[in-house]
Peer 1: 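Take a look at this one; I'll ask things after.
In listed order, ligands and their atoms are each counted from 1. Values below: all heavy atoms of this structure, side chains included; hydrogens, waters and symmetry mates excluded. Along the sequence shown, residues carry numbers from 1.
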Amino acid sequence: MTQKILVTGGAGYIGSHTVRELQRQGYDVVVFDNLVKGHRQAVEHAPLIVGDLLNPDDIWAVFRQHPDIAGVIHFAAYVEVGESMENPGKYFRNNIQGSVNLLDAMMEAGVMHLVFSSTCAVYGTPEHVPVTEEESYKPESVYGASKRMAEQVMAWYDRTKGLRFTPLRYFNASGASFDGRIGDGYKPASRLIPRLMEYILGQRDDFMIFGDDYPTPDGTAIRDYIHVDDLATAHIAALNYLWNGGESMAFNLGTGKGSSVMAIIEMVRKVTGRDFEVRVGPRRPGDPVRIWADNTRARSVLGWEPKYGLREIIETDWQWHSAHPRGFEE
Ligand SMILES: NC(=O)c1ccc[n+]([C@@H]2O[C@H](COP(=O)([O-])OP(=O)(O)OC[C@H]3O[C@@H](n4cnc5c(N)ncnc54)[C@H](O)[C@@H]3O)[C@@H](O)[C@H]2O)c1
């Protein structure tokens with residue numbers, strides 16, 4: 001029998017790529033999204049239920065309408081670190097209360113398996129690199145704290161109700177679909193690679209990196225960029241792990257390799273064939289020098305491995321941004 005999966009936030013960036021991968025692997029998918037940040041066009045062949053997790057009736061209705069839902073992948077959240085520091089209430093409400101409403105609806109419907117989008121921001125500046133799941137929690141933003149708190153709420157539903165869940169702590173999600181149909185729809189972009197793409201496409205007057213005096217080989221900060229399609233396959237592996245009786249457990253999702261800001265810029269120059277100037281600004285407070293994942297646990301427990309590297313990330317991102325300079329707005 002085909003299993004039916006509910007994907008909250010499935011019209012957003014990572015959610016829409018995961019929906020496609022679920023469909024490719026033969027699952028039945030229902031998408032739930034309020035379209036505040038997501039895009040209807042990003043959901044091509046699945047039913048899209050427009051509703052808000054902050055409205056309990058909206059999510060309860062989904063489980064009544066689809067009593068055969070076998071598991072939930074929960075992407076719906078607000079995701080911008082800077083905004084979270086300006087408007088903490090917005091983030092705590094949506095990312096925590098929204099999750100509580102989902103959990104109560106799941107428990108009522110008897111759906112006990114949940115894959116949750118978490119983030120390496122729960123660790124803040126790590127003490128050890130590569131970062132394992134044993135790293136201490138020191139989130140440095142309201143966003144990171146809201147995700148950690150949602151994980152803790154889920155742990156209590158595990159203890160009291162028997163929920164089984166996997167927080168997947170992504171490092172830097174990047175790239176776009178290989179057929180060029182969907183990608184990051186944030187306009188204006190806030191992440192490094194999409195900002196670079198906007199710059200090359202003439203949508204920004206200049207491009208600034210934050211700090212070139214870090215104690216790294218080229219002086220720029222190091223991050224772990226993971227292709228969105230690699231994230232998608234990890235979610236399905238996590239769901240199968242839970243269905244097979246796996247205990248609740250967190251997994252770091254990164255490639256296990258760090259790339260400097262300068263390495264990204266060089267790869268963008270190579271892939272796009274464009275040369276461009278970059279300005280150097282001061283470091284941003286709270287930006288760690290280097291962070292990349294130890295993905296051993298995801299590899300060994302989930303049997304997952306990332307397939308793509310920096311080149312595929314930049315190639316697919318360039319294909320998406322150059323063909324859709326206005327994102328989904330066209
Ligand atoms: N993009 C990254 O690098 C990254 C890194 C780590 C973790 N994450 C996590 O991954 C998830 C998806 O991130 P994304 O980059 O795809 O963001 P996104 O904004 O593109 O997707 C989030 C989706 O959730 C929807 N949504 C938000 N609040 C909702 C609500 N109350 N009810 C219904 N729908 C709601 C939005 O409309 C949007 O479509 C988030 O939970 C985020 O915290 C993202």
Peer 1: Please list, in number order, the atoms of ligand 1 under 4.0 Å from a heavy atom of Leu35.
Peer 2: 37 (O)

Peer 1: Should Trp320 and Arg181 be marked as a side chain to side chain contact (heavy atoms under 4.5 Å, CB included) after you check the CA-CA gap, both sets of side-chain angles, and the distance that decides it?
Peer 2: CA-CA 7 Å; Trp320 160 252; Arg181 290 186 68 79; over 6 Å; no

Peer 1: Taking distance alone, with N or O pairs closer than 3.5 Å, would you say His74 contacts ligand 1?
Peer 2: no

Peer 1: Counting only heavy atoms, which portion of Val79 has something under 4.0 Å from ligand 1: side chain, backbone, both, or neither?
Peer 2: side chain

Peer 1: Any N or O of Ala76 that comes nearer than 3.5 Å to an N or O of ligand 1?
Peer 2: no

Peer 1: Test side chain to side chain contact (heavy atoms under 4.5 Å, CB included) on Met149 and Phe92 and set out the steps.
Peer 2: CA-CA 9 Å; Met149 289 179 202; Phe92 288 130; 3.8 Å; yes

Peer 1: Quick check: are there more than 12 heavy atoms from other residues, nucleotides or ligands sitting under 6.0 Å from NZ of Lys138?
Peer 2: yes

Peer 1: Suppose we measure from atom 36 (C) of ligand 1 to each protein heavy atom; which comes out shortest, and what is that distance?
Peer 2: Asp33 OD1, 3.4 Å

Peer 1: Run the numbers on Val153 and Ser99 for side chain to side chain contact (heavy atoms under 4.5 Å, CB included), then give the verdict.
Peer 2: CA-CA 8 Å; Val153 168; Ser99 298; 5.9 Å; no

Peer 1: Taking the six-membered ring of Phe171, is NZ or CZ of Arg223 closer than 6.0 Å to its centre and within 45° of its axis?
Peer 2: no

Peer 1: Minimum distance, heavy atoms only, to atom 19 (O) of ligand 1: which one of Tyr78, Tyr186, Tyr170 is it?
Peer 2: Tyr186

Peer 1: Any atoms of ligand 1 less than 4.0 Å from a non-hydrogen atom of Ala173? List them with their elements.
Peer 2: 1 (N), 2 (C), 3 (O)

Peer 1: For ligand 1, find out whether one of its N or O atoms is nearer than 3.5 Å to an N or O atom of Gly15.
Peer 2: no

Peer 1: Suppose I only count heavy atoms of Lys37 and a 4.0 Å limit; which atoms of ligand 1 are within that range?
Peer 2: 19 (O), 36 (C), 37 (O), 38 (C), 39 (O)

Peer 1: Shortest non-hydrogen contact from Gly144 to Val122?
Peer 2: O-CG1, 3.8 Å

Peer 1: Mind checking whether Arg191 has a heavy atom under 4.0 Å from ligand 1?
Peer 2: yes

Peer 1: Quick one: which ligand 1 atoms are inside 4.0 Å of a heavy atom on Ala11?
Peer 2: 39 (O)

Peer 1: Regarding atom 16 (O) of ligand 1: of the candidates Asp58, Ile14, Asn95, which has the closest heavy atom?
Peer 2: Ile14

Peer 1: Taking only heavy atoms of Ala77, which atoms of ligand 1 are found under 4.0 Å from at least one of them?
Peer 2: 22 (C), 24 (O), 27 (C), 28 (N), 41 (O)

Peer 1: Identify whether NZ of Lys or CZ of Arg in Lys90 sits under 6.0 Å from the centre of the six-membered ring of Tyr78 and within 45° of that ring's axis.
Peer 2: yes

Peer 1: Would you mind finding which of Val7, Asn34, Val31 brings a heavy atom closest to atom 35 (C) of ligand 1?
Peer 2: Asn34

Peer 1: When you look at Ile69 and Ile5, which way does the side chain to side chain contact (heavy atoms under 4.5 Å, CB included) test go after all the steps?
Peer 2: CA-CA 6 Å; Ile69 288 171; Ile5 317 300; over 6 Å; no

Peer 1: I'd like the name of whichever of Tyr91, Phe75, Tyr225, Phe116 reaches closest to atom 40 (C) of ligand 1 through any heavy atom.
Peer 2: Phe75

Peer 1: Establish, yes or no, whether the cationic atom of Arg148 lies under 6.0 Å from the six-membered ring centre of Tyr137 and within 45° of the ring axis.
Peer 2: yes

Peer 1: Give the numbers and elements of all ligand 1 atoms closer than 4.0 Å to a heavy atom of Phe171.
Peer 2: 5 (C)

Peer 1: Do Leu103 and Leu114 have side chains that get closer than 4.5 Å, going by heavy atoms?
Peer 2: yes

Peer 1: Heavy-atom contact under 4.0 Å between Ser118 and ligand 1?
Peer 2: yes

Peer 1: Regarding Arg279 and the six-membered ring of Phe207, is the cationic atom NZ or CZ under 6.0 Å from the ring centre and inside 45° of its axis?
Peer 2: no

Peer 1: Side chains of Arg164 and Met112: closer than 4.5 Å at any heavy-atom pair?
Peer 2: no

Peer 1: For ligand 1, which part of Tyr143 has a heavy atom less than 4.0 Å away: the side chain, the backbone, both, or neither?
Peer 2: side chain

Peer 1: Would you check whether Phe32 has a nitrogen or oxygen atom less than 3.5 angstrom from a nitrogen or oxygen atom of ligand 1?
Peer 2: no

Peer 1: Just distances here: any N/O of Asn94 and N/O of ligand 1 closer than 3.5 Å?
Peer 2: yes

Peer 1: Hey, is His39 touching ligand 1 through its side chain, its backbone, both or neither, going by heavy atoms under 4.0 Å?
Peer 2: neither

Peer 1: Classify the contact between Asp184 and ligand 1 as side chain, backbone, both or neither, using a heavy-atom distance cut-off of under 4.0 Å.
Peer 2: neither

Peer 1: Answer with yes or no whether Gly98 contacts ligand 1, where contact means a heavy atom under 4.0 Å from a ligand atom.
Peer 2: no

Peer 1: Could you check whether Arg169 makes a cation-pi contact with Phe251, meaning its NZ or CZ is under 6.0 Å from the centre of the six-membered ring and within 45° of the ring axis?
Peer 2: no

Peer 1: Which ligand 1 atoms, with their elements, are less than 4.0 angstrom from a heavy-atom of Gly38?
Peer 2: 36 (C), 37 (O), 38 (C), 39 (O)

Peer 1: Is the shortest distance from a heavy atom of Gly51 to ligand 1 less than 4.0 Å?
Peer 2: yes

